[in-house]
Protein chains: 2
Amino acid sequence: MRDRGFPTTTPARASSRRSPFSIDVILFTPRGQQLAALCVRANDPRARERWLLPHDSAAPGETLDAAARRIAKTACGVDATWMEQVGAFGDGTRHPADTELSVAFVGVVPSDDTVKLPGDGAWFGVSEPPALAVRQRAMLDAGLDALRTRMDYAPIAFRLLPERFTLSELQAMYELLLGKRLHKASFRRALQATSLVEATEEWRSEGRGRPAQFFRFAPKKRRGARRGVRFDTLT
Amino acid sequence: MRDRGFPTTTPARASSRRSPFSIDVILFTPRGQQLAALCVRANDPRARERWLLPHDSAAPGETLDAAARRIAKTACGVDATWMEQVGAFGDGTRHPADTELSVAFVGVVPSDDTVKLPGDGAWFGVSEPPALAVRQRAMLDAGLDALRTRMDYAPIAFRLLPERFTLSELQAMYELLLGKRLHKASFRRALQATSLVEATEEWRSEGRGRPAQFFRFAPKKRRGARRGVRFDTLT
DNA sequence: TCAATAGTGTCTGTTAGACATTATGGA
DNA sequence: TCCATAATGTCTAACAGACACTATTGA
């Protein structure tokens with residue numbers, strides 16, 4: 001399943017010609033009440049205790065995005081349900097592939113899909129990351145920042161939920177991704193205003209309290225200009 | 001002035017070993033009522049009519065940011081007053097340096113500094129860009145997007161104004177950067193709330209109407225949490 | 001005086017956040 | 001019945017946008 005004819009996620013240093021740049025993937029999944037990031041063990045037998053971000057070089061003719069998705073699938077066994085580029089990292093920092101440059105991608109996989117992980121991978125809670133090479137540590141931090149920043153512009157939370165979900169589940173996912181609690185009534189009002197979800201006829205039966213209605217992700221066209229002059233988070 | 005011992009901004013293709021990636025700079029300046037982007041003529045005598053974004057490879061030991069600032073200064077003669085990385089571009093698209101990958105940076109220079117431009121450069125209004133290689137065109141578009149997006153998080157407008165400026169000048173700069181008109185009273189209220197500027201004792205004498213007070217950029221600590229649950233511009 | 005620009009006061013509709021209340025099922 | 005969770009109604013403070021008004025200079 002993991003050998004798809006492409007190089008492995010932790011390429012041997014001894015490869016014939018060194019690649020000019022690596023593509024590194026920061027993959028997140030919900031785990032408990034916080035996010036976890038995927039790391040893999042070093043292939044190098046002398047450094048089996050070191051952890052790395054999944055990375056590889058791009059195959060000839062392969063787009064950056066395709067390479068990142070391939071690396072993610074190789075590392076965790078399933079396709080990422082959302083992925084975007086974070087940026088390029090270099091500046092002479094240390095990287096396990098010894099490349100001058102690395103292009104970081106951030107992605108997510110639903111937690112249901114993370115149960116069976118290839119043997120050399122492990123999920124680390126974002127609050128206790130393993131020791132990484134300097135450049136990969138910078139990419140991990142930037143990946144988490146990018147994930148949270150882009151939540152406002154991409155339907156990331158929905159890509160981590162099943163097709164049908166309750167509003168409480170959706171709110172919990174937003175809280176987990178953002179790392180902070182949200183106000184229930186405000187959350188639902190804001191959600192209502194965006195026309196991102198539509199109610200289904202199904203209700204959840206299990207559990208103790210009042211049943212919750214299931215919703216599905218169904219974004220409507222889009223709304224007019226947002227109000228305001230925002231200077232918000234200036235330096 | 002332009003020959004600083006580094007490669008020129010439009011390196012000859014015939015260089016001994018091809019660089020693995022280029023660094024490309026999208027430089028903007030206010031020109032009239034809109035932004036203009038800097039392009040340079042191709043060095044290649046067969047293609048003197050082609051335009052390019054300033055680009056080069058990074059020198060050994062040079063950081064990405066330092067290289068981008070050097071390229072910008074070489075291309076327009078003065079230092080950029082703000083610059084950030086946009087991202088990595090590749091995917092097999094055409095690029096004048098024939099590299100597999102390009103790292104784009106976006107920056108700004110005040111319009112006062114753009115009067116004397118090295119001979120092979122020219123400013124193009126963002127609404128009429130010249131024909132560029134596919135990858136550079138993508139970088140130009142992404143650079144403008146990045147500039148406008150990051151205005152809310154970086155004091156870009158202030159980097160395009162002299163140390164002392166009037167609130168009308170500041171608002172005009174925001175309008176030029178964002179490409180849209182803003183409401184005067186709301187603009188000033190929002191500015192007040194951010195504590196980004198402080199008044200000086202100086203007033204502008206010139207001109208017809210009532211004199212305007214000069215302000216200076218002087219950001220105070222930073223404010224508490226911003227309100228709200230924002231889903232704004234979801235897909 | 002008028003023209004032009006700077007700066008401010010006030011009103012209104014919208015919304016975030018808080019709180020309370022109702023609704024509905026299981027134990 | 002009580003408890004737990006879902007869902008909604010109402011109040012308030014903050015704020016964006018609009019408008020009008022005052023202030024101060026030069027022509």
Side-chain angles (χ1 to χ4, degrees), chain A residues 33 151-152 157 161-162 164-176 178 180-216 222-234, chain B residues 33 151-152 157 161-162 164-176 178 180-216 222-234:
Chain A
Q33 294 305 306
M151 281 189 59
D152 284 342
L161 292 168
R164 316 272 155 126
F165 48 83
T166 69
L167 296 187
S168 295
E169 289 167 347
L170 180 61
Q171 180 176 348
M173 188 60 72
Y174 266 94
E175 291 175 338
L176 186 149
L178 293 171
K180 65 179 179 188
R181 303 299 310 273
L182 299 175
H183 188 268
K184 182 165 76 165
S186 292
F187 179 83
R188 293 177 183 217
R189 261 187 316 223
L191 191 61
Q192 186 83 13
T194 59
S195 305
L196 283 175
V197 300
E198 71 184 18
T200 72
E201 294 307 310
E202 299 170 75
W203 295 75
R204 178 165 59 186
S205 50
E206 58 191 271
R208 219 45 159 114
R210 172 175 171 177
Q213 191 168 16
F214 278 109
F215 288 75
R216 84 163 65 83
R222 273 332 323 292
R223 43 81 102 40
R226 56 200 283 187
R227 296 203 312 175
V229 184
R230 297 211 153 260
F231 293 89
D232 271 322
T233 328
L234 291 197
Chain B
Q33 295 305 306
M151 280 190 57
D152 284 342
L161 292 168
R164 316 273 155 126
F165 49 83
T166 69
L167 296 188
S168 296
E169 289 167 347
L170 180 60
Q171 179 176 347
M173 189 60 73
Y174 266 93
E175 291 175 340
L176 187 150
L178 293 172
K180 65 180 181 190
R181 303 300 308 275
L182 299 175
H183 188 271
K184 182 167 75 166
S186 291
F187 179 84
R188 293 177 182 217
R189 262 187 317 225
L191 192 61
Q192 185 83 13
T194 58
S195 304
L196 283 175
V197 300
E198 72 182 18
T200 72
E201 295 308 310
E202 300 170 75
W203 295 74
R204 178 166 58 189
S205 51
E206 56 191 274
R208 200 89 131 88
R210 170 174 172 177
Q213 191 168 16
F214 278 110
F215 288 75
R216 83 162 63 86
R222 274 333 322 291
R223 43 84 100 38
R226 58 201 280 186
R227 294 203 314 174
V229 184
R230 298 212 152 258
F231 292 90
D232 272 323
T233 328
L234 291 197

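Order of the sequence lines fixes the chain letters, A, B, ..., with proteins taken first and strands second; residue numbering starts at 1 for each chain.
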Please state whether the base of D:dG9 and the side chain of A:Arg189 form at least one donor-acceptor pair under 3.5 Å?
no

Protein-nucleotide distance ([X], atom [atom1]; [N], atom [atom2]), rounded to Å:
X: A:Phe165; N: D:dA6; atom1: CZ; atom2: P; value: 14 Å
X: A:Phe215; N: D:dA6; atom1: CZ; atom2: C1'; value: 10 Å
X: B:His183; N: C:dG7; atom1: NE2; atom2: C1'; value: 13 Å
X: B:Phe187; N: D:dA18; atom1: CZ; atom2: P; value: 16 Å
X: A:Glu169; N: D:dA7; atom1: CD; atom2: P; value: 10 Å
X: B:Leu167; N: D:dA23; atom1: CG; atom2: P; value: 19 Å
X: B:Gln192; N: D:dA14; atom1: CD; atom2: P; value: 15 Å
X: B:Phe214; N: C:dG7; atom1: CZ; atom2: P; value: 10 Å

Answer whether the closest heavy-atom distance between the side chains of A:Ser186 and A:Arg189 falls below 4.5 Å.
yes

Looking for any heavy atom pair under 4.0 Å, which part of the strands does B:Thr166 touch: base, sugar-phosphate only, or nothing?
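Here B:Thr166 touches no strand at all.
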
Enclosure of [X] [atom1] (heavy-atom neighbours >12, cutoff 6.0 Å):
X: A:Glu198; atom1: CD; result: yes
X: A:Arg181; atom1: CZ; result: no
X: A:Gln192; atom1: CD; result: no

Candidates B:Glu202, B:Glu201, B:Glu169 - the one meeting salt bridge (Lys or Arg N to Asp or Glu O under 4.0 Å) with B:Arg164:
B:Glu202

On DNA chain D, check which nucleotide each of A:Ala185 and A:Arg204 is closest to and give me the residue with the more 5' one.
A:Arg204

Candidates D:dA7, D:dA16, D:dT10 - which lies nearest the side chain of A:Trp203:
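My answer, after comparing the listed nucleotides, is D:dA7.
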
Among C:dA16, D:dG17, D:dT22, the one nearest A:Ser186 by side-chain distance
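For the A:Ser186 side chain, the nearest candidate turns out to be C:dA16.
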
Phosphate OP1/OP2 of C:dA4: any B:Arg210 side-chain N/O under 4.0 Å
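The answer is no; no side-chain N or O of B:Arg210 sits under 4.0 Å from OP1 or OP2.
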
When the nearest nucleotide of DNA chain C is assigned to A:Lys184 and to B:Arg188 on a heavy-atom basis, which residue is associated with the more 5' position?
B:Arg188

